[in-house]
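Here is how names work: the chains are called A, B, and so on, in the same order as the sequence lines, proteins then strands, and each is numbered from 1.
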2 protein chains.
Amino acid sequence: MSLVRIYECLCDETRLRIVQLLTRGPLCVCHLQAVLEVPQARVSQHLAYLRDRGMVGCRRRGTWMIYSLPEKPGAELASHLACLQDCSVSDKRFRADLRKLKAIGSDCAPAGATT
Amino acid sequence: MSLVRIYECLCDETRLRIVQLLTRGPLCVCHLQAVLEVPQARVSQHLAYLRDRGMVGCRRRGTWMIYSLPEKPGAELASHLACLQDCSVSDKRFRADLRKLKAIGSDCAPAGATT
DNA sequence: GACGAATATTCGTTCATGCGAATATATTGC
DNA sequence: GCAATATATTCGCATGAACGAATATTCGTC
């Protein structure tokens with residue numbers, strides 16, 4: 001994944017928030033949508049953009065789709081994701097997103113599935 | 001300088017090469033143009049883009065304009081520029097650009113000005 | 001003043017991007 | 001089979017970006 005490709009993926013606020021959230025672990029579309037508070041179609045469109053460029057991968061779990069960052073990113077991507085993660089610590093918007101994620105519950109289980 | 005703004009500046013190949021070169025020190029437009037081997041107007045347009053967004057600053061020296069990265073970047077920008085510099089070490093295109101820069105002479109002095 | 005060199009800007013064209021609206025598709029439970 | 005839920009995709013629109021061509025501006029020298 002080239003440097004330009006990495007920056008293309010991150011130069012939009014919605015995609016940046018998605019990738020920031022995914023640095024904390026895989027997430028499903030409905031959780032991403034709940035945290036970002038944007039229309040579902042927009043989340044899907046940006047996920048498709050990221051998927052097309054190899055920034056995220058996905059796997060199905062029933063009707064849910066779980067998105068995650070690459071397990072084996074190249075050196076450049078790993079380096080930039082680490083850098084982004086460092087910077088996100090002081091990013092107010094990201095901290096707010098994290099609080100929302102914690103409030104929702106980030107185990108990506110269907111509501112009511114717990115026993 | 002926001003993260004998105006940083007990525008917007010770097011998500012184009014010409015601007016990326018410009019910033020990569022500037023991580024090694026200030027440069028004038030004619031040196032940048034000689035290394036990048038693109039039309040002068042294009043270099044100027046991308047420099048204007050970067051300048052408008054605070055990614056570079058410039059000062060005149062006679063008819064020459066010397067461009068440089070911010071002396072006091074914010075934490076995010078500093079972090080990303082360091083990351084970019086790390087990644088550039090293994091970037092073939094950047095190494096080629098550096099060789100050209102060395103061949104040209106990177107002191108930004110007018111030709112024949114040496115004594 | 002004119003001229004040359006260096007550089008910036010404007011304009012028009014083309015294309016990518018981001019969006020919303022609408023709709024299509026996949027899966028599960030009944 | 002249908003309904004509900006989750007998600008993806010398509011279409012059209014508006015805007016910004018990237019570019020080349022042409023030109024304007026600035027500075028130093030004469």
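- The separation between Ile18(B) atom CD1 and dA18(D) atom P is 11 Å, rounded to whole Å.
- To the nearest angstrom, P of dA8(D) lies 12 Å from CG of Leu50(A).
- Checking dA18(D), dT7(D), dT9(C) against the side-chain heavy atoms of Tyr49(B) singles out dA18(D) as nearest.
- For the pair Glu8(A) CD and dG16(D) P, the interatomic distance rounds to 19 Å; values are reported in whole Å.
- Closest approach to the Gln45(B) side chain among dA22(C), dA6(D), dA21(D) is made by dA21(D) (side chain taken as heavy atoms from C-beta onward).
- Listed nucleotides: dA6(D), dA21(C), dT17(C). Nearest to the side chain of Arg53(A): dT17(C).
- Contact detail for Cys28(B) and His31(B): the closest heavy-atom pair is SG-ND1, 2.8 Å.
- Listed pair His46(B) / dC19(D) meets the phosphate criterion, a side-chain N or O lying under 4.0 Å from OP1 or OP2.
- Where Thr14(A) and Ala48(B) each meet DNA chain C at their nearest nucleotide, the meeting point lying more 5' is that of Ala48(B).
- Taking only side-chain nitrogens and oxygens, Arg15(B) comes nearer than 4.0 Å to OP1 or OP2 of dA18(D).
- Counting to the nearest Å, the P atom of dC19(C) and the CD atom of Glu13(A) are 9 Å from each other.
- Classification of the His80(B)-His80(A) ring pair by plane angle, with boundaries at 30° and 60°, yields tilted.
- You'll find that the side chain of Met65(B) is closest to dT7(C), out of dA18(D), dG18(C), dT7(C).
- Of the candidate nucleotides dT9(D), dT9(C), dA8(C), dA8(C) has the atom lying nearest to any side-chain atom of Val29(B).
- Here dA5(C) is the nucleotide among dA5(C), dA8(D), dG18(C) with the atom lying nearest to any side-chain atom of Thr63(B).
- Here dA6(C) presents its P atom at 14 Å from CZ of Arg61(B), a figure rounded to the nearest Å.
- Of the candidate nucleotides dT7(D), dA21(D), dT9(D), dA21(D) has the atom nearest to the side chain of Ala41(B).
- The distance from atom CG of Leu47(A) to atom P of dG18(C) is 13 Å, rounded to the nearest whole Å.
- For the OP1/OP2 pair of dA6(D) and a distance below 4.0 Å, the side-chain nitrogens and oxygens of Tyr67(A) include no atom meeting the criterion.
- Closest to the Cys30(B) side chain, of the nucleotides dT7(C), dA8(C), dT9(D), is dT7(C).
- Note: NE2 (His31(B)) to P (dA6(C)) measures 11 Å, nearest angstrom.
- Considering only heavy atoms from C-beta on, Arg15(A) stays 4.5 Å or farther from Met55(A) through its side chain.
- The two residues Tyr67(A) and Val56(A) come nearest to each other via the heavy atoms CD2-CG2, 3.7 Å.
- Tyr49(B) approaches Cys9(B) most closely through the heavy-atom pair CE2-CA, 4.2 Å.
- Taking 4.0 angstrom as the limit, Arg60(B) places none of its side-chain polar atoms (N or O) nearer than this to OP1 or OP2 of dA6(C).
- In plain terms, the two heavy atoms of Asp97(B) and Val35(B) that are nearest each other are O-CG1, 3.4 Å.
- A straight line from CD of Gln40(B) to C1' of dT26(D) spans 13 Å, rounded to a whole angstrom.
- The phosphate of dA22(D) (OP1 or OP2) has no side-chain N or O of Arg42(B) nearer than 4.0 angstrom.
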